[in-house]
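For reference, the structure discussed in these notes is given below.
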Amino acid sequence: MLDPKFIKDNLEAVIKNIADRYMKADAELTVALYEKRNGLIKKLEDERRARNENSAAMKGKLEADKRNALIAEGKRLKDNIAAMESELSGLDLQLDTELRKIPNMAHPDAPKGKEDKDNTEVKQVGSPTVFSFAAKDHVQLGQELDIIDFDAGTRVSGTKFYYLKNQGVFLELALVKYALDILVKKGFTPFITPDIAKMEILEGIGFNPRGPESNVYALEGEDSCLVGTAEITLGGYYSDKIFAKEELPVKMAGLSHCFRREAGAAGQFSKGLYRVHQFTKLEMFIYCLPEDSGKAHEELRLIEEEIFSGLDIPFRVVDTCTGDLGAPAYRKWDLEAWMPGRGEGEWGEVTSTSNCTDYQARRLNIKYKDEDGKNKYVHMLNGTAIAISRALVAILENFQQEDGSIKMPKALVPYLGFDTIHVINK
RNA sequence: GGAGAGAUGCGAGAGCGGUUGAAUCGGGCGGUCUCGAAAACCGUUGAACCUCCGGGUUCCGGGGGUUCGAAUCCCCCUCUCUCCGCCA
């Protein structure tokens, strides 16, 4: 969330930012509630001071009537304070509700626009794969090679579930290890995180775990959820922490399963593995000083580029427009890989890296001690190292051969122990 | 899952209705001494919020309650430790 004081002092900019991001939030109401709350706090504190003085006056020996008078005054103050406190907690709740709706400020250079079409291409690496034969999509390839079983996934678990099978299994493990090795070399501490997190952590990260439009699976009667990304568990890892300045940056790599409801998402562009309820993802996470977050964001993007270049997958980098940014993001870059099986071929998102500045840190209460002795909020950034399901789409579709086999990227061969997934039962 | 013990500042740990935002020790920081260091000694050292920038309020695991007044008494919850059970 944003600092209410910041909203008050930059009201016009905040209102414009909400509009740029096509979000529904009421900054003016928020400020009004904030001011009302502060006024009440002031009055409440005066009453509490009176109460403290009153009880301090009663410490020694007193004549009975004097004491009784003080007790009567104390009782009056007590009732008054109780009433004000309950009013205040109501106001706090309202303020918090409004505050939650207000997105992070967007980077001034983030392209203005409403939806993903308005994202701007920053660069392209490689070029769309050209085939001398009719290319198949990954659904067909995966089934023919017997490495992905969608039918069994649907039967056992429901639509948008799948089994990886045979070499598909080793492909997932190889991709994880390949990316992990790169990250460890770059100073990231590897983690395998829980796949479940408490709602308060989800909310701190900026997810909405409740409601029918939520993308989150909540656990019945548990006050916790299946995570949609390890961003949640990595970001929650240091909640309520105060870092020494020298400890930063902290760089983490977290492997987890990701669970997403994806309610209502259907159609050609989300078929097969592209949009599923469960997948494996290796996520990067950085906690850093505010002045370093721009640089750290760049670093995350460059690592993503390195991972995909290393796999020889053609991709482009896009700068995400204001309307397409998630609420916590200040700026976001996506890598989109070439996916020949989407229609006539199409760029499809494979990674995403966001600089969330102090938006998450404020709610999760993650700070560092600055030289002036003050505790200040850290900046928090996340980025996909590799999301297996999407990477599989790109690998199967780009590296398919005329005979239906798939050539493995060179970088994966040492991890796989084979260089081709051959067509069977021919 | 059952039984017991506990949760206080950076750490250890006292306090068990009003003089405690918190003794004491340790750590950190600053200083004295020293050629320098160590030792010793002295000083200092929590956070959040509001502010008419003088100050004020709140916080002793979390939430409720009793009281004129709660770190201290009562209730509920969470977590940690020990023992037993179960289990990959």
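Below, read A as the first sequence line, B as the second, and so on, with proteins coming before strands; counting in each chain starts at 1.
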Using whole Å, report how far CG of Asn365(A) lies from P of rA48(B). 9 Å
Just checking Lys78(A): base, sugar-phosphate only, or nothing, at a heavy-atom cut-off of under 4.0 Å? base
For the C1' atoms, the ones on rU24(B) and on rU45(B), what distance do you get once it is rounded to whole angstrom? 16 Å
RNA chain B nearest-nucleotide lookup for Tyr34(A) and Ser55(A): closer to the 5′ end is Ser55(A)
What's the gap between rG30(B) and rU80(B) when it is taken at their P atoms, as a whole Å value? 38 Å
Rounded to whole Å, how long is the line connecting atom CZ of Arg67(A) with atom C1' of rG69(B)? 10 Å
Would you tell me if any nitrogen or oxygen in the side chain of Lys5(A) comes within less than 4.0 Å of OP1 or OP2 on rC50(B)? yes
Please tell me if Arg48(A) has a side-chain N or O lying less than 4.0 Å from either OP1 or OP2 of rC68(B). no
Starting at atom CD1 of Ile81(A), determine the distance to atom C1' of rU57(B), rounded to an integer number of angstrom. 11 Å
CD of Glu85(A) versus P of rC50(B): gap in Å, rounded? 17 Å
Taking syn as any angle within 90 degrees of 0 and anti as the rest, which one fits rG18(B)? anti
Run the numbers on Asp370(A) and Lys245(A) for salt bridge (Lys or Arg N to Asp or Glu O under 4.0 Å), then give the verdict. CA-CA 6 Å; Asp370(A) 205 355; Lys245(A) 206 172 174 181; 3.1 Å; yes
Classify the nucleic acid contact of Arg76(A) as base, sugar-phosphate or nothing, counting any heavy atom under 4.0 Å across all strands shown. nothing
For rG18(B) and rA12(B), measure between their P atoms and round to the nearest Å. 26 Å
When the C1' atoms of rG9(B) and rG21(B) are considered, how many whole Å apart are they? 9 Å
I'd like to check Asn119(A) versus Asp324(A) (side-chain heavy atoms, cut-off strictly below 4.5 Å). Are they in contact? yes
Rounded distance in Å - CG (Asp65(A)) to P (rC68(B)): 18 Å
If I pick the C1' atom on rA70(B) and the same atom on rA22(B), what distance separates them, to the nearest angstrom? 14 Å
Checking the side chain of Asp118(A) only, and the main-chain atoms of Lys114(A) only, is there a donor and an acceptor separated by less than 3.5 Å? yes
How many Å lie between CG on Asp3(A) and C1' on rA48(B), as a whole number? 13 Å
Quickly work out the Lys374(A) NZ to rC49(B) P distance and round it to whole Å. 11 Å
If you measure from the Lys or Arg side-chain nitrogens to the Asp or Glu carboxylate oxygens, is any gap between Arg363(A) and Glu203(A) under 4.0 Å? no
Base, sugar-phosphate, or nothing: which does Asp46(A) touch, judged by heavy atoms less than 4.0 Å apart? nothing
Is Arg261(A) close enough and on-axis enough to Tyr217(A), meaning under 6.0 Å and within 45°, for cation-pi? yes
So, is Asn52(A) near the phosphate of rU57(B), with a side-chain N or O under 4.0 Å from OP1 or OP2? yes
Asn10(A) side chain to Phe6(A) backbone, donor-acceptor under 3.5 Å: yes
Could you tell me whether the phosphate oxygens of rG56(B), OP1 or OP2, come under 4.0 Å of any side-chain nitrogen or oxygen in Lys42(A)? no
Evaluate salt bridge (Lys or Arg N to Asp or Glu O under 4.0 Å) for Asp151(A) paired with Arg155(A), printing each intermediate quantity in order. CA-CA 6 Å; Asp151(A) 294 340; Arg155(A) 197 157 23 80; over 6 Å; no
Have a look at Arg331(A) and tell me which of Thr357(A), Asp319(A), Asn355(A), Asp109(A) forms a side chain to side chain donor-acceptor pair (under 3.5 Å) with it. Asp319(A)
Per atom distances to the Arg49(A) side chain, the nearest of rG18(B), rA47(B), rU57(B) is rU57(B)
Asp92(A) side chain reached by Asp96(A) side chain, heavy atoms, under 4.5 Å: no
Sorted by number, the residues of residues 234-249 of chain A with heavy-atom contact under 4.0 Å to RNA chain B: none
Taking atom NZ of Lys241(A) as the centre, does the number of heavy atoms from other residues, nucleotides or ligands within less than 6.0 Å exceed 12? yes
Interatomic distance where CG belongs to Asn38(A) and P belongs to rC49(B) [whole Å]: 11 Å
Could you tell me how far rC41(B) sits from rC79(B) if I compare only their C1' atoms? Round to whole Å. 43 Å
Answer yes or no: is there a side-chain heavy-atom contact under 4.5 Å between Ile148(A) and Leu164(A)? yes
Using the C1' atom on both, measure rU72(B) against rU67(B) and round to a whole Å. 13 Å
Validation row: Phe207(A), Ile201(A) side chains within 4.5 angstrom (heavy atoms): no
Below the 4.0 Å mark, does rG46(B) have OP1 or OP2 next to a side-chain nitrogen or oxygen of Lys369(A)? no
Ile41(A) or Glu45(A), whichever maps to the more 5' nucleotide of RNA chain B: Ile41(A)
Using a 4.0 Å heavy-atom cut-off across all strands, classify Lys367(A) as base, sugar-phosphate, or nothing. sugar-phosphate
From C-beta outward on Asn375(A), which listed nucleotide comes closest to its side chain: rU58(B), rC68(B), rA47(B)? rA47(B)
Sticking with atom C1', work out how far rC29(B) lies from rU78(B), rounded to a whole angstrom. 36 Å
Secondary structure of RNA chain B per the Watson-Crick/G-U criterion (both distances under 3.5 Å; [ ] crossing, | other strand, . unpaired) is ((((((((.[[[..)..(.....]]]((((((.......))))))(((((....))))).[[[[[..)....]]]]])))))))....
